[in-house]
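Written below as structure tokens is the structure these notes are about.
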Amino acid sequence: MSELQNDRLLRALLREPVDVTPVWMMRQAGRYLPEYRATREKAGDFMTLCKTPELACEVTLQPLDRFPLDAAILFSDILTVPDAMGLGLYFEEGEGPRFRHPVRDRAAVDALPVPDPEGELRYVMDAVRTIRRELAGRVPLIGFSGSPWTLATYMVEGGGTKNFALSKGMMFDRPELMHALLEKLAQAVTLYLNAQIAAGAQAVMIFDTWGGTLTPDDYREFSLAYMQRIVEGLTREAEGRRVPVILFTKGGGQWLEAMAETGCDALGLDWTTDIGEARQRVGDRVALQGNLDPCVLYASPESIRRSVAKILERYGEGSGHVFNLGHGIHPTIDPEHAAAMIEAVHELSQPYHP
């Protein structure tokens, strides 16, 4: 594997000194880029794009060819794991992801296989290997998975949901069944992320998109406990350096201390948490990633610059900050506005790294 020419991201995630604050964006390979839309059209549909390693590599690298980002993130989807468990993932126009075989009873949970990452999910590992080869050490590659709780909500509901009626219904009425499902998912995600690391991912991130919908007690029992189990089971050393782990619970700002105790290296923050206060709360236990409101990118480049300056100032001096949006970039944002953010981060963060 080629030597990394830019390892700012990995250093910041481990709170080691950097020259400027590194920056990447959630969904940086996505619909806001015309070149992504062209490749997506060539693929024909979203799942073909995900399942064709050369095309997944192409869209992963597109934002890096356009912007001086400090990381690549694997182009994939969090629902690849439930799909590999045989749930029949498909995408309904305007509806988002759906499953043909939702999981709603004991027989369905018991029947779920734990997929072999180099079997049913080999296309993801092939994408990781292809991207690493094509990156040739430019920047590190981030691998990722959805959290067990987040994946479980889609699997039980049969797709996206606004009120979590079926998944929370199972959690409240049949907690032992929900735990059995989460247990299986924790095993599957651990294998999946370790396989990504073996294939060449240099950092990994767990996306807990729906953990923030839970009460504090339920969050600890049904979401955080399983993320902790995954963190404990991950390969933390590869190619002679540490593989950092980032946990991100959208809406999870009230639980940062508990999240920091899982043994992860960094916490992702959405825009509803003040990054300066978050740093005071978690001290030097973990790095922090975030946390510009994605809607700031609809504003003028001058406004974007002011908002970036404010977050950098709130975080303050020293390493341990990876600049990012508080969630994914919106499809209708002008790429030039993303460029303005990235440029502002690199330029304005210099004084914070004396």
Side-chain angles (χ1 to χ4, degrees), residues 1-13 18-43 46 49-50 52-77 124-144 196-197 199-205 207 239 241 243-244 246 266 268 289-290 292 294 297 301 304 308 321-325 327-331 333-347 349:
M1 296 280 189
S2 40
E3 272 302 297
L4 263 181
Q5 292 139 43
N6 170 357
D7 67 352
R8 272 180 202 136
L9 172 91
L10 301 181
R11 295 176 66 82
L13 288 172
V18 286
D19 55 340
V20 295
T21 301
V23 55
W24 67 277
M25 290 181 294
M26 291 187 264
R27 294 206 196 113
Q28 64 188 26
R31 287 174 293 170
Y32 74 105
L33 290 177
E35 53 269 44
Y36 169 87
R37 295 196 295 272
T39 308
R40 165 94 162 62
E41 203 163 307
K42 184 167 72 177
F46 180 74
L49 187 53
C50 283
T52 311
E54 296 69 28
L55 294 181
C57 174
E58 189 178 309
V59 293
T60 298
L61 299 183
Q62 283 169 347
L64 299 174
D65 294 337
R66 191 187 263 262
F67 310 121
L69 291 155
D70 295 298
I73 182 163
L74 164 69
F75 179 79
S76 187
D77 192 87
V124 178
M125 305 314 141
D126 285 344
V128 172
R129 287 185 274 264
T130 306
I131 295 161
R132 270 301 300 274
R133 188 180 68 238
E134 294 301 316
L135 274 173
R138 277 160 71 185
V139 292
L141 174 62
I142 302 166
F144 73 92
Q196 289 183 38
I197 292 164
Q202 291 147 297
V204 292
M205 180 157 167
F207 283 88
E239 300 175 49
R241 62 192 302 166
V243 179
I246 309 161
Q289 178 178 280
L292 187 72
L297 297 186
I304 293 167
V308 166
H321 180 201
V322 171
F323 202 98
N324 207 315
L325 302 174
H327 203 240
I329 185 168
H330 298 308
I333 279 168
D334 180 344
E336 287 308 307
H337 288 207
M341 176 194 81
I342 294 158
E343 185 186 332
V345 173
H346 285 152
E347 187 189 326
S349 64

Answer yes or no: is there a side-chain heavy-atom contact under 4.5 Å between [X] and [Y]?
| X | Y | value |
| --- | --- | --- |
| H327 | R27 | yes |
| Q202 | L4 | yes |
| R129 | M125 | yes |
| R31 | R40 | no |
| C57 | I131 | yes |
| H346 | D70 | yes |

Tell me the closest heavy-atom pair linking [X] and [Y], and the distance in Å.
| X | Y | answer |
| --- | --- | --- |
| A338 | L297 | CA-CD1, 4.5 Å |
| L64 | A71 | CD2-O, 3.4 Å |
| Q196 | V128 | O-CG1, 3.7 Å |
| P140 | N6 | CD-O, 3.3 Å |
| L69 | V139 | O-CG1, 3.5 Å |
| R138 | D65 | NH2-OD1, 3.2 Å |

Point-to-point distance, once rounded to the nearest 0.5 Å, from [atom1] of [X] to [atom2] of [Y]:
| X | Y | atom1 | atom2 | value |
| --- | --- | --- | --- | --- |
| D7 | R241 | CG | CZ | 4.5 Å |
| E343 | E336 | CD | CD | 10.0 Å |
| H337 | H330 | NE2 | NE2 | 14.0 Å |
| E58 | T130 | CD | OG1 | 12.0 Å |
| F75 | L61 | CZ | CG | 12.5 Å |
| L13 | R8 | CG | CZ | 13.5 Å |

Taking [X] for its side chain and [Y] for its backbone only, find out whether a donor-acceptor pair lies under 3.5 Å.
| X | Y | answer |
| --- | --- | --- |
| S349 | V20 | no |
| H321 | P22 | no |
| Q62 | P34 | no |

So does R37 have more than 12 non-hydrogen atoms from other groups sitting under 6.0 Å from CZ? yes

Would you call the rings of Y32 and F67 parallel, tilted or perpendicular if under 30° counts as parallel and over 60° as perpendicular? parallel

